[in-house]
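Comments concern the structure below.
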Amino acid sequence: MSKGRVFSGVQPTGNLHLGNYLGAIKNWVGLQQDHETIYCIVDLHAITVPQQPQLLKKATQEVAACLIASGIDTNNSILFNQSQVSQHAELAWLFNCVARLGWLNRMTQFKEKAGKNRENATVGLYAYPTLMAADILAYKATHVPVGDDQKQHLELTRDIATAFNSMFGEEFFPLPEPVIQKTAARIMSLRDGSSKMSKSDDSDFTRINLNDEDDLIAQKIKKAKTDPEPLPETVEELENRPEARNLVGIYAALTNQSDAEVLVEFSGQGFGKFKPILAESLIGSISPIRTEMNKLLADTNHLDNVLSEGSKRAAVIAEPILRACKNVMGFVQSTS
Ligand code: TRP
C-alpha cells in the first residue's frame, strides 16, 4: 500500500562517502517499501556552479551506480537524471514568476555558497530553490526526504505551492512534507567529531568512501580519533564526546538501532573492543555496494539506458501536471 509519493534529489558529485549513504541513500532505499518513489540525479542543479562536462557525466553515472548498488530497485522506483525531463526546467520558469525576490533573499544556502563574491554568482545559483520546487511539484510529491540543510528550500517549495494555489486554483498542488529520518544520521569526520564528513576534506582518513577497499576501511576506523574513556551508559554522557558519539551514531545507523540501544550493548567497553566490531559492520555494508557499483560502472551504456528509461517514466507523470499548470495560467496549448 502506498503511503504517498516520495520525491528526492541528489547532486551528481563524485566520491560518495558514508555520510551520503547513511544520511540519505539508505533512507531512500527503505522508503521504497511502502511509497511510490521517484529519485532524481539533479544535474541541472549541479551546473549552478561551473562543472567540467566530462566529470559531470562521470559523476552522474557514478551516483546512478551507487544508488542501484545500494538497493534502489529501478523496476519499481523511478531513477533518472533531471536534465532529461524538460518539465523540470519549464516549471521552474513558471515558478520564477511566482516566487518573490524577498523569499529567495532569505535563503541561507545561497548566502553561504555565493560567499563574499556575490556579484559573480550565477543567476542559476540564486534561482536554485525554484528549480527544486519544480522538481518536487512536477510530480505533486507529498513526501520529501531531505537533510537539515535543505529544510529551508522545502519551506520555500511550500510557499510557492501555496502562492500558486491562491493565484490559480485552490489545492492545485499538495503541500509536500519533509520526511524525517528515524536514525538522524549526521555523519561527522573521523578526525574531528565537530565537522561534517566531507568529500572535499584534504585528508582521506576523515571519511569512508563507498569505493574504499575492506582493508582501508578497517585502517580508517582503527585510526579514527577517540578519547580514552570507555563507552558510557547514557546518550547524555556522549554529549561532550563528539568523536565517540559519531562512531556510536555510525554503528547505530548501520544496524538500524538508536544510539541508546547501541550503548546498552557496549557501555563500559573501550574503543579497542568497539572499533573492530564497527569496522566489521561497515565492511559488511559497504563491500557489497562497492562490488556492485564497480560492476555497473563497467557498462556505462547500460547505466545510461536505465536513466533514460527512468526519464521516460518520469515524464509520463510530469507532463500532464505541467500541462494542467499551463492551462490554469492561461497559456494557449495544442489540444491533442
Ligand atoms: N538541493 C538538494 C541538495 O543539494 C538536492 C535536490 C534537488 C532535492 N531537488 C530536490 C532534494 C528535490 C529533494 C527534493 O541536497
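Both ligands and their constituent atoms are indexed starting at 1 by order of listing. Every heavy atom of this structure was used, including side-chain atoms; hydrogens, water molecules and symmetry mates were not.
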Give the atoms of ligand 1, by number and element, whose distance to some non-hydrogen atom of Val42 is under 4.0 Å. 7 (C), 9 (N)
Quick note on ligand 1: atoms under 4.0 Å from a heavy atom of Tyr128 include exactly 1 (N), 2 (C), 3 (C), 4 (O)
Looking at Gln82 and Asp135, what are the two nearest heavy atoms and their distance? NE2-OD1, 2.8 Å
Identity and separation of the nearest protein heavy atom to atom 5 (C) of ligand 1: Gly9 O, 3.5 Å
Under 4.0 Å from a heavy atom of Asp135: give me the atoms of ligand 1 that qualify, with their elements. 7 (C), 9 (N), 10 (C)
Taking 4.0 angstrom as the limit and counting only heavy atoms of Phe7, give me the atoms of ligand 1 inside it, by number and element. 12 (C), 14 (C)
In this structure, would Ile289 and Ile25 fall into the same cluster of hydrophobic residues linked by side-chain contacts under 4.5 Å? yes
I'd like to check which ligand 1 atoms, numbered from 1 as shown, lie under 4.0 Å from a non-hydrogen atom of Val146. 13 (C)
Does any N/O atom on His153 come nearer than 3.5 Å to any N/O atom on ligand 1? no
Atom 10 (C) of ligand 1 sits nearest the protein heavy atom Met132 CG, 3.5 Å
Thr206 and Ser189: side-chain donor and acceptor closer than 3.5 Å? no
Relative to each other, are the rings of Tyr39 and Trp28 parallel, tilted or perpendicular (30° and 60° limits)? parallel
Between Tyr251 and Lys275, is there a cation-pi geometry (under 6.0 Å to ring centre, at most 45° from the normal)? no
Using a strict 4.0 Å cut-off to heavy atoms of Ile136, name the atoms of ligand 1 that fall inside it. 12 (C), 14 (C)
Kindly assign one of parallel, tilted or perpendicular to the pair Phe173 and Phe95, based on the angle between their ring planes and the thresholds 30° and 60°. perpendicular
I'd like to know whether Glu243 forms a salt bridge (charged side-chain N to carboxylate O under 4.0 Å, His left out) with Arg191, so could you lay out the CA-CA distance, the side-chain angles of the two residues, the decisive distance to 0.1 Å, and finally the verdict. CA-CA 8 Å; Glu243 285 80 19; Arg191 286 304 175 84; over 6 Å; no
Option from Val42, Leu56, Leu44 for which side chain to side chain contact (heavy atoms under 4.5 Å, CB included) with Ser83 holds: Leu44
Under 4.0 Å from a heavy atom of Gln150: give me the atoms of ligand 1 that qualify, with their elements. 1 (N), 2 (C), 3 (C), 4 (O), 15 (O)
Does any N/O atom on Ser8 come nearer than 3.5 Å to any N/O atom on ligand 1? no
What atoms of ligand 1 come closer than 4.0 angstrom to any heavy atom of Gln11? 4 (O)
